[in-house]
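Contents: one structure, followed by commentary.
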Amino acid sequence: MNAVPSITLNDGNAIPQLGFGVFQIEPKDTAKAVSEALEVGYRHVDTAEMYGNEKQVGEAIRSSGLDRRDVFVTSKLSNGAHEPGDARRAFDATLSELGFDYVDLFLIHWPLPTLYDGDYVSTWKTLEEFNSDGRARSIGVSNFQIEHLERLAAETGTVPVVNQIEVHPYLTNEAVRSYGREHRIATEAWSPIAQGWVLEDPTITQIAERVGRTPAQVVLRWHLQRGDIVFPKSVTPSRMKENFGLFDFELGSEDMDAIAALDRGEDGRTGPHPDKFDYVPS
Ligand SMILES: NC(=O)c1ccc[n+]([C@@H]2O[C@H](COP(=O)([O-])OP(=O)(O)OC[C@H]3O[C@@H](n4cnc5c(N)ncnc54)[C@H](OP(=O)(O)O)[C@@H]3O)[C@@H](O)[C@H]2O)c1
């Protein structure tokens with residue numbers, strides 16, 4: 001059976017634990033990829049203003065004939081729009097690009113602590129407005145480190161429902177995940193297969209061979225059993241199906257531990273470090 005479980009967020013809303021990511025899918029290829037993913041059974045799509053493909057995500061969902069309520073849609077605030085006035089305009093633009101009157105989840109994409117005088121707090125308070133007026137059913141953050149989460153907790157009234165961070169076998173990001181667990185912030189694991197880097201690891205290929213699954217399925221199943229939310233990206237329909245076939249097998253605790261032991265700490269990070277990242281689109 002391929003029933004995707006849901007996770008209940010700290011605001012009571014439910015999110016499918018497995019979704020489909022569209023980072024680095026060209027706008028011209030996005031509607032086709034999302035349509036194929038919906039056909040496979042995915043009901044959760046993760047996009048962002050900075051991916052440049054919100055419009056095509058919306059088109060594919062509308063043309064699927066599915067009820068809007070049956071597809072969970074996440075988007076994220078551009079790094080160039082952290083000031084409250086800009087954030088309000090950017091959120092309006094996100095809804096208009098998607099062609100929807102709400103998103104299920106809206107995130108601050110990066111904390112950018114070295115920009116905007118280190119003020120991601122007023123950005124978060126602006127997301128609270130979108131949540132209060134119902135246009136963002138849930139609000140969360142992405143790439144927040146523990147100190148950033150602690151500051152939101154001290155200075156604002158809403159706990160993010162998720163923190164979307166880089167997590168895979170080479171960067172298990174345990175401290176940030178564990179802070180999330182303690183504070184009811186669900187972890188969304190981005191680049192869950194490290195864009196393919198972990199798939200040839202002998203520990204993973206040996207487990208895959210023994211359990212009769214592919215390396216990608218083993219790694220994605222490992223994330224799910226840890227309780228994290230994942231949305232692997234693929235433009236390849238056979239891989240979309242492969243990545244969806246995760247609910248008819250289970251990894252034992254020894255295999256779970258062996259995969260977690262592959263952690264390389266900072267050497268395993270594939271993306272920028274959240275404390276330093278300061279990219280702003282021109
Ligand atoms: N918040 C953030 O800052 C942030 C950063 C990065 C990513 N994300 C989100 O996380 C999602 C997933 O991360 P990601 O796209 O970076 O990487 P990923 O899902 O770990 O890996 C995607 C890559 O792996 C390949 N692939 C997918 N399934 C495969 C399989 N079964 N076997 C072999 N190769 C496979 C894909 O190739 P093909 O497409 O050619 O099939 C693609 O090159 C993104 O799409 C985005 O939604 C968020």
Side-chain angles (χ1 to χ4, degrees), residues 15-27 29-30 32-34 36-37 40 42 44-54 56-57 72-79 103-112 120 139-145 148 160 162-173 176 186-201 204-205 208 213-224 228-246 268-281:
I15 182 170
Q17 198 184 0
L18 174 65
F20 183 70
V22 299
F23 176 44
Q24 292 174 332
I25 305 186
E26 292 291 323
D29 301 326
T30 302
K32 182 165 177 281
V34 173
E36 284 164 347
V40 167
Y42 292 87
H44 165 183
V45 182
D46 183 89
T47 184
E49 183 185 345
M50 288 194 290
Y51 301 169
N53 54 19
E54 290 169 311
Q56 293 77 13
V57 166
F72 190 101
V73 180
T74 299
S75 195
K76 317 186 190 85
L77 183 70
S78 167
N79 287 354
V103 286
D104 295 278
L105 177 61
F106 195 64
L107 310 180
I108 299 181
H109 205 149
W110 288 89
L112 307 176
Y120 41 81
I139 51 172
V141 294
S142 178
N143 299 302
F144 273 46
Q145 299 283 83
H148 308 140
V162 301
N163 186 18
Q164 182 177 129
I165 53 174
E166 181 177 347
V167 184
H168 47 70
Y170 290 162
L171 177 68
T172 58
N173 226 332
V176 183
T187 295
E188 297 192 321
W190 65 249
S191 290
I193 57 172
Q195 300 203 337
W197 183 30
V198 299
L199 300 182
E200 281 168 26
D201 188 285
I204 290 166
T205 56
R213 294 288 168 155
T214 67
Q217 288 176 320
V218 165
V219 174
L220 294 169
R221 180 72 208 179
W222 172 80
H223 285 285
L224 296 180
D228 290 355
I229 298 157
V230 285
F231 22 82
K233 169 264 178 186
S234 180
V235 292
T236 317
S238 60
R239 288 175 172 171
M240 294 177 193
K241 289 196 193 89
E242 176 185 335
N243 298 345
F244 200 73
L246 307 178
R269 194 182 286 281
T270 65
H273 195 289
D275 283 340
K276 303 194 185 106
F277 191 52
D278 60 0
Y279 165 77
V280 173

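Note that ligands are numbered from 1 as they come in the structure, with each ligand's atoms numbered from 1 the same way.
Of all atoms in ligand 1, listed by their number and element, those nearer than 4.0 Å to a heavy atom of Asp46 are 9 (C), 46 (C), 47 (O). Close approach of ligand 1 to Pro232 (heavy-atom distance below 4.0 Å) involves ligand atoms 19 (O). Of all the atoms in ligand 1, the ones that sit under 4.0 Å from a non-hydrogen atom of Thr236 are 38 (P), 40 (O), 41 (O). Which parts of ligand 1 touch His109 is read off a 4.0 Å heavy-atom cut-off, strictly below it: atoms 1 (N), 2 (C), 3 (O). Short contacts between ligand 1 and Ala194, defined as distances under 4.0 Å to a heavy atom of the residue, involve ligand atoms 20 (O). Taking every non-hydrogen atom of Leu199 and a distance limit under 4.0 Å, the qualifying atoms of ligand 1 come out as 32 (N), 33 (C), 34 (N).
Listed here is the closest heavy atom pair of Val176 and Ile165: CG1-CD1, 3.8 Å. Residues Glu49 and Ser78 come closest through the heavy atom pair OE1-CB, 3.4 Å. Annotation for Glu242 and Leu246: closest pair O-CD2, 4.3 Å, computed over non-hydrogen atoms. Between Arg239 and Ser234 the shortest heavy-atom distance is CB-OG, 3.3 Å. A pairwise comparison of heavy atoms in Glu188 and Asp46 identifies OE1-OD1, 4.4 Å as the closest pair.
Tyr51 has its ring centre less than 6.0 Å from the ring centre of His109.
Both the backbone and the side chain of Pro192 come within 4.0 Å of ligand 1, judged by heavy-atom distances.
Of the protein's non-hydrogen atoms, Gln195 CG, 3.4 Å is the one closest to atom 17 (O) of ligand 1. In terms of protein heavy atoms, atom 22 (C) of ligand 1 is closest to Lys233 O, 3.4 Å. Nearest protein heavy-atom neighbour of atom 14 (P) of ligand 1: Ser191 OG, 3.6 Å. Protein heavy atom closest to atom 48 (C) of ligand 1, with residue, atom name and distance, is Gln164 OE1, 3.0 Å. Looking at atom 28 (N) of ligand 1, its nearest protein heavy atom turns out to be Asn243 ND2, 3.0 Å. Scanning the protein for heavy atoms near atom 3 (O) of ligand 1, the closest one is Asn143 ND2, 2.9 Å.
The closest donor-acceptor contact from the side chain of Asn53 to the backbone of Ile25 lies under 3.5 Å. In this structure, the side chain of Lys76 does not engage the main chain of Phe106 through any donor-acceptor pair within 3.5 Å. Judged by distance alone, with hydrogens and angles left aside, the side-chain atoms of Ser142 form a donor-acceptor pair with the main-chain N or O of Gln164 at under 3.5 Å. Side-chain atoms of His148 come within 3.5 Å of backbone N or O of Gln145 as a donor-acceptor pair. A donor-acceptor pair under 3.5 Å links the side-chain atoms of His44 to the main chain of Pro16, judged by distance alone.
Residue Tyr51 holds the heavy atom nearest to atom 46 (C) of ligand 1 of all those in Trp190, Tyr51, Phe244, Trp110. Considering only non-hydrogen atoms, atom 30 (C) of ligand 1 lies nearest to Arg239 out of Lys76, Glu188, Arg239. Among Phe23, Phe20, Phe277, Phe231, the residue whose heavy atom lies nearest to atom 10 (O) of ligand 1 is Phe231.
For ligand 1, one of its N or O atoms has an N or O atom of Ile193 under 3.5 Å away. Between Ala216 and ligand 1, a contact under 3.5 Å exists for no N or O pair. Checked by distance only, ligand 1 and Val22 come closer than 3.5 Å through their nitrogen or oxygen atoms. Between Val235 and ligand 1, an N or O atom pair is found at a separation short of 3.5 Å.
Ring planes of Trp110 and Trp190: perpendicular class, angle over 60° (limits at 30 and 60°).
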